[in-house]
Protein chains: 2
Amino acid sequence: MGNPIPTFPIRPPGSKAVACQNCSLNAFCLPKGLNRDELEQLEDSIQKNVKLGKKDYLFRRADPQNHIYAVKSGAIKTSLSTPEGEEQILGFFLPGDLLGFDAFANDAHTCDARALDDTLLCKLNVDDFNTLMGQLPNLRGQMMRKFGCEIEREQTLSLILGQMNTQARLATFLVSMSRRNQVRGFAPREFALPMPRHDLANYLGMAVETLSRLFSRFQEEGIISVALRQISINDMKRLNALAHHTCH
Amino acid sequence: MGNPIPTFPIRPPGSKAVACQNCSLNAFCLPKGLNRDELEQLEDSIQKNVKLGKKDYLFRRADPQNHIYAVKSGAIKTSLSTPEGEEQILGFFLPGDLLGFDAFANDAHTCDARALDDTLLCKLNVDDFNTLMGQLPNLRGQMMRKFGCEIEREQTLSLILGQMNTQARLATFLVSMSRRNQVRGFAPREFALPMPRHDLANYLGMAVETLSRLFSRFQEEGIISVALRQISINDMKRLNALAHHTCH
DNA sequence: CGTTGGATTGATATCTGTCAAGCCCGGTGG
DNA sequence: CCACCGGGCTTGACAGATATCAATCCAACG
């Protein structure tokens, strides 16, 4: 029979609103570390099961900040654009991830956020959020942690883009996707990428063709198997080694 | 006679402790937006005129987070390293800049911070800081703004590294240095870079030789004048144009 | 004045982007 | 049910930008 480890659900599993306390993602989300009472206060300000269709914008650059968002299912990409329209994708947000922090500098978003697929979100009004930050030290603590994570994420992207050759970039990305699945209790070696090649190539700062060749090469070398967006990692050790082989 | 706009002071101008309220940098620093009463509370937790010699570490990766820092004079660089020792410089912090936010994720720093020159800092204990965050909504607001700025900064670096060719990277950097000087009331077209070529090249994700050639070319074309770390911008318009000419 | 480390300049190699063609999968309509 | 698109993905040939290697050059400092 084997062990049917669930793979990552890309589509919304159901649409019934679930209390944070029963949400399978609460260990990664804002509620982490809150007691029942605090959770209740937080929950009053959260709007659940907000739907977004594939390619819909969650917010755009210069939009006023109204909410902080948590992904429940589906996936969101954020990106920054130059005046000329050149885009850099900054991150892919999966279930349990928070986004919207970019707007705290000027009460307006500095990047665009767009759904890669049909997506379900929870959203928290920023005014309520500010009030709660004053009242709930635990929430404040968790929020600061999330902020720190976001900064760490961005820093890692800079490290990838600034120091690694293309092969190390892809290897690093695959390892990180694997880990993200693992901590959520999903299969760490088999997963579907939520984004098209074009977006991934952009995120990793390379041409689509280069990315495609890398996938092919990794497959030839038996490190992974690729079928379009479906990935299985066959040799995690070597993948890790490639990920650490940084320099140009 | 001309107009002797002061250039950016790299060396500590004096070492007498100054109240935040009289500090020339307070418009960029945490005190922004606080009233006298709040300022006093904040000030009790701030340690002033902490000295750091050139090349001293302010903190290192995995160090427990004890403080948040504000640069008063001098300059700090932060960097991230791969397991193999490849380093990516993440930012240069000038007077008025805050740093230390990277540690909020796990109460431990994720990057290294090192003085580029003799440096004077103010430091704020994080425990006190957490308490104050609960008590002073205005401080919380300013802090969130600073957090947002930090995220924006990191995002911009990713955009630079991921989408721009080397010439656009350098141009963008010079424009940003110019702006940073300007908002602080210093000459926007004449300044000394606080970092050696090696560090700047690393930050911009290119080889030192490439950076050097770019400086030479910009000078040949009359856009800037370079004498080691001393820069003057002769043609801001063209520099801006180069900065916007992103793609590869 | 010699030494040392940073900065520049030149020659060459290599990686990765660009252009172009073809493939394959999924969807649509007859 | 099958044929035909169309878009995303892959593969190949080639060119160009940038890294690497090596040799000076220069400024700062003792």
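Predicted model only: the values in this text are computed from it and were never measured. Protein chains get the first letters and strands the later ones, always in sequence-line order, with residue 1 at the start of each.
Among B:Arg114, B:Arg61, B:Glu87, the single residue meeting the side-chain hydrogen bond (donor to acceptor under 3.5 Å, both in side chains) criterion with B:Ser79 is B:Glu87.
Along DNA chain C, the nucleotide nearest A:Leu228 and the nucleotide nearest A:Arg213 are compared for position; the residue whose nucleotide lies closer to the 5' end is A:Arg213.
Between A:Leu211 atom CG and D:dT11 atom P there is a gap of 12 Å when expressed in whole angstrom units. Rounded to an integer number of Å, the gap from A:Arg197 CZ to D:dT11 P is 10 Å. Here D:dC26 presents its C1' atom at 17 Å from CD of B:Gln230, a figure rounded to the nearest Å. We find that CG of B:Asp199 is positioned 9 Å from P of C:dA7, with the value rounded to whole Å. One interatomic measurement links the two molecules: CE of A:Met164 to P of C:dC15, which rounds to 18 Å at whole-angstrom precision. Rounding to whole angstrom units, CG of residue B:Leu200 and P of C:dT8 are separated by 11 Å. The interatomic distance linking B:Phe215 (CZ) with D:dC26 (C1') rounds to 17 Å, in whole Å. Going from atom CZ of B:Arg217 over to atom C1' of C:dT9 covers 14 Å, rounded to whole Å.
Between A:Glu220 and A:Arg217, no side-chain nitrogen of the basic residue sits less than 4.0 Å from a carboxylate oxygen of the acidic one, so the salt-bridge criterion is not met.
Contact check for B:Asn240 versus B:Val175: side-chain heavy atoms found under the 4.5 Å cut-off.
When heavy atoms are screened at a 4.0 angstrom cut-off, A:Thr166 is found touching the sugar-phosphate backbone but no base atom.
Here the two rings, on B:Phe101 and A:Phe147, have centers that are 6.0 Å apart or farther. A distance below 6.0 Å separates the ring centres of B:Tyr203 and B:Phe92.
A side-chain donor from one of B:His109 and B:Asp102 sits under 3.5 Å from a side-chain acceptor of the other.
At least one side-chain nitrogen or oxygen of B:Ser216 sits closer than 4.0 Å to the OP1 or OP2 atom of C:dT9. Between A:Ser212 and D:dC9 there is no side-chain N or O to OP1 or OP2 distance below 4.0 Å.
Below the 3.5 angstrom threshold, one finds a donor paired with an acceptor across the side chain of B:Glu209 and the base of D:dC21.
Inter-axis angle, ends of the helix from C:dC1-D:dG30 to C:dG30-D:dC1, five pairs per end, rounded to 10 degrees: 30°.
Counting heavy atoms of neighbouring residues, nucleotides and ligands inside a 6.0 Å radius, atom CZ of B:Arg229 exceeds 12 of them.
Taking only side-chain atoms of B:Thr210, from C-beta outward, the nucleotide of D:dC9, C:dA7, D:dT18 with the closest atom is D:dT18.
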